[in-house]
Protein chains: 2
Amino acid sequence: MGRWQPDAQGRLQQAALDLFAERGFEQTTVAELAQRAGVTERTFFRYFSDKREVLFSGEAELRSAFVDAGAGAPRDATPGDVMIAALDAVATFFPAERRAFARQRHAVIRANASLQERELLKLAGLASALADALHARGVRGPAASLTGEAAIAVFKVAFAQWIADPDGRDLARIQREMLAALGHVTAPG
Amino acid sequence: MGRWQPDAQGRLQQAALDLFAERGFEQTTVAELAQRAGVTERTFFRYFSDKREVLFSGEAELRSAFVDAGAGAPRDATPGDVMIAALDAVATFFPAERRAFARQRHAVIRANASLQERELLKLAGLASALADALHARGVRGPAASLTGEAAIAVFKVAFAQWIADPDGRDLARIQREMLAALGHVTAPG
DNA sequence: GTCTATAGTGCGATAGAC
DNA sequence: GTCTATCGCACTATAGAC
């Protein structure tokens, strides 16, 4: 066994979720997080570029899933088809077992404006990643951006529903319904 | 004439736009902004809750316009109708004369992640304000949220287009086109 | 208007693994 | 010796408390 406990990053993330839930984001200092994880403040900032980031490091995987779904779609797929593939891919990251965790994390974020800001930035990153993937497929800029933004709009609302829904319908299904509802809202006439 | 120059708030906003554009958001300290506006740091934080907020204080007006458009729609208006009314209302805030200003402000924000975060939070606030207005009209929660998010998606993409478009079509028109395009993307089939 | 806690950065030191 | 993870310390700016 080495000089240090393994997985300092994981311990910091766990400490953050616990302490933020218990006493709030602003009432928790980085020093306290570090202490609970058995490292120093300096080490915290080696793993996370800022205090908020400790809750958001999983976004990279989500983004690849989102983009790969776009890249893997058949050549004649429409932007709408690609969006559905992306939404289905993202849903696989949130199986029923992760609902309790997701709910706790969501509650922590909802309680603090600066955490919401970070979450929104990450979601906007997903939207533009999907837009880029569509653009690479030959979809013109505005339509690609719009599709990316629409996908995120569906995801956001469906995710909130998935968290709240007591009978636990799966996220993919909720997203399909939301997408249909969006089609209804934006239908001409 | 009084002891102080009038409109300290306006001078701080102008100083911020100039200095952020010139040397970047992070390279500009609040002390420098305050000095250029002829006030102290303390005065800056009296007007703006944080350094970023100096670029975003106009959001309240936008939000009322957004909400009022919803409240003022006829009783039998669909969520889609309300969304169009809200988008038309927001477009009146961005006449052709403000394009140069909007473009500069947008460039400053685009150059800094934390400013993007703040902008996204303000836009999310607009989305939920519209959702609340729809909810008050009897639209059920998820459909109301979805409509709010869709309106913001259209606004974001249309606004970027309006800023970039060299021949200056007006924002309301671009938004109508974007909405139609969104209807096409989300159409079933 | 003054004081202070906290976030976040830069750089060098240290302790182990190889 | 090299490489990597961690720590220690000094420092600035934001933001809130007093």
Side-chain angles (χ1 to χ4, degrees), chain A residues 1-57 59 108-109 111-122, chain B residues 2-5 8-9 11-57 59 108-109 111-122:
Chain A
M1 179 171 141
R3 188 150 73 104
W4 304 287
Q5 299 294 320
D7 196 23
Q9 180 169 354
R11 276 178 290 131
L12 284 165
Q13 289 171 324
Q14 188 60 56
L17 198 60
D18 293 346
L19 288 174
F20 293 168
E22 187 181 312
R23 62 177 94 154
F25 175 77
E26 305 212 325
Q27 285 65 47
T28 305
T29 67
V30 173
E32 289 167 333
L33 294 181
Q35 186 178 23
R36 176 169 292 207
V39 297
T40 65
E41 276 186 75
R42 200 67 191 80
T43 299
F44 178 93
F45 288 111
R46 261 181 53 79
Y47 283 106
F48 307 105
S49 57
D50 62 52
K51 184 181 166 187
R52 291 173 286 162
E53 196 63 17
V54 67
L55 289 180
F56 294 95
S57 59
E59 184 258 352
V108 166
I109 292 169
N112 180 269
S114 75
L115 291 175
Q116 289 168 45
E117 291 186 337
R118 179 54 54 84
E119 172 143 280
L120 291 166
L121 186 70
K122 298 289 187 178
Chain B
R3 192 138 67 102
W4 303 285
Q5 298 293 323
Q9 182 169 351
R11 276 178 291 129
L12 284 166
Q13 289 170 324
Q14 188 61 53
L17 198 61
D18 292 346
L19 287 174
F20 293 169
E22 188 182 312
R23 62 176 94 154
F25 175 77
E26 306 211 327
Q27 285 65 47
T28 305
T29 67
V30 173
E32 289 167 332
L33 294 181
Q35 186 178 23
R36 175 169 292 207
V39 298
T40 66
E41 275 185 74
R42 190 67 182 75
T43 300
F44 179 93
F45 286 110
R46 266 175 45 80
Y47 284 108
F48 306 105
S49 58
D50 63 50
K51 182 181 167 187
R52 290 173 287 162
E53 197 63 18
V54 67
L55 289 180
F56 294 95
S57 59
E59 184 257 354
V108 166
I109 292 169
N112 181 269
S114 76
L115 291 174
Q116 289 168 47
E117 290 186 339
R118 178 55 53 85
E119 172 144 279
L120 291 167
L121 187 69
K122 298 289 186 177

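Basis for what follows: all heavy atoms, side chains included, without hydrogens, waters or symmetry-related copies. Throughout, protein chains are lettered first and strands after them, A, B, ... in sequence-line order, and every chain is numbered starting at 1.
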Q: Respond yes when some side-chain nitrogen or oxygen of Thr43(A) is under 4.0 Å from OP1 or OP2 of dT6(D), and no when none is.
A: no
Q: Just the rounded figure in Å: distance from P of dA5(C) to CD of Gln27(A).
A: 16 Å
Q: How many Å lie between CD on Gln35(A) and P on dG8(D), as a whole number?
A: 13 Å
Q: Return the value, rounded to whole Å, for the distance between atom CD of Glu53(A) and atom P of dT9(C).
A: 12 Å
Q: In sequence, state the C-alpha distance, the side-chain angles, and the governing distance for Glu41(A) and Lys51(A), and then conclude on salt bridge (charged side-chain N to carboxylate O under 4.0 Å, His left out).
A: CA-CA 10 Å; Glu41(A) 276 186 75; Lys51(A) 184 181 166 187; over 6 Å; no
Q: Look at the side chain of Arg42(A) and the base of dG10(C), then say whether one donor and one acceptor between them are separated by less than 3.5 Å.
A: yes
Q: Of all the nucleotides listed (dA7(C), dG1(C), dT14(D)), which has the minimum atom distance to the side chain of Thr29(B)?
A: dT14(D)
Q: Determine, for Glu53(A) against Lys122(A), whether the closest basic-nitrogen to carboxylate-oxygen distance falls under 4.0 angstrom.
A: yes
Q: Looking only at heavy atoms, which two atoms of Phe20(A) and Val54(A) are closest? And how far apart?
A: CE1-CG1, 4.1 Å
Q: Which listed nucleotide (dG8(C), dA13(D), dT6(C)) is nearest to the side chain of Phe45(A)?
A: dG8(C)
Q: Starting from C1' on dA13(D), measure out to CD on Glu26(B) and report it in whole angstrom.
A: 11 Å
Q: If you assign each of Arg52(B) and Thr40(A) to its closest nucleotide in DNA chain D, which residue comes earlier from the 5' end?
A: Thr40(A)
Q: Please report the distance, rounded to the nearest Å, between CG in Asp50(B) and P in dG8(C).
A: 13 Å
Q: For dT6(D), does OP1 or OP2 lie under 4.0 Å from any side-chain N or O of Tyr47(A)?
A: yes
Q: Nearest-Å distance, CH2 (Trp4(A)) to P (dC3(D))?
A: 16 Å
Q: In terms of heavy-atom contacts, does CZ of Arg46(B) have more than 12 from other residues, nucleotides or ligands at under 6.0 Å?
A: no
Q: Which atoms form the tightest heavy-atom contact between Arg11(B) and Gln5(B), and what is the distance?
A: NH2-O, 3.1 Å
Q: Have a look at Phe48(A) and say if it touches a base, only the backbone sugar-phosphate, or nothing, with a 4.0 Å heavy-atom cut-off.
A: nothing
Q: What is the distance, rounded to the nearest whole Å, between atom CZ of Phe44(A) and atom P of dT9(C)?
A: 11 Å
Q: How close or far is atom P of dA7(C) from atom CG of Leu12(A), stated in whole angstroms?
A: 14 Å
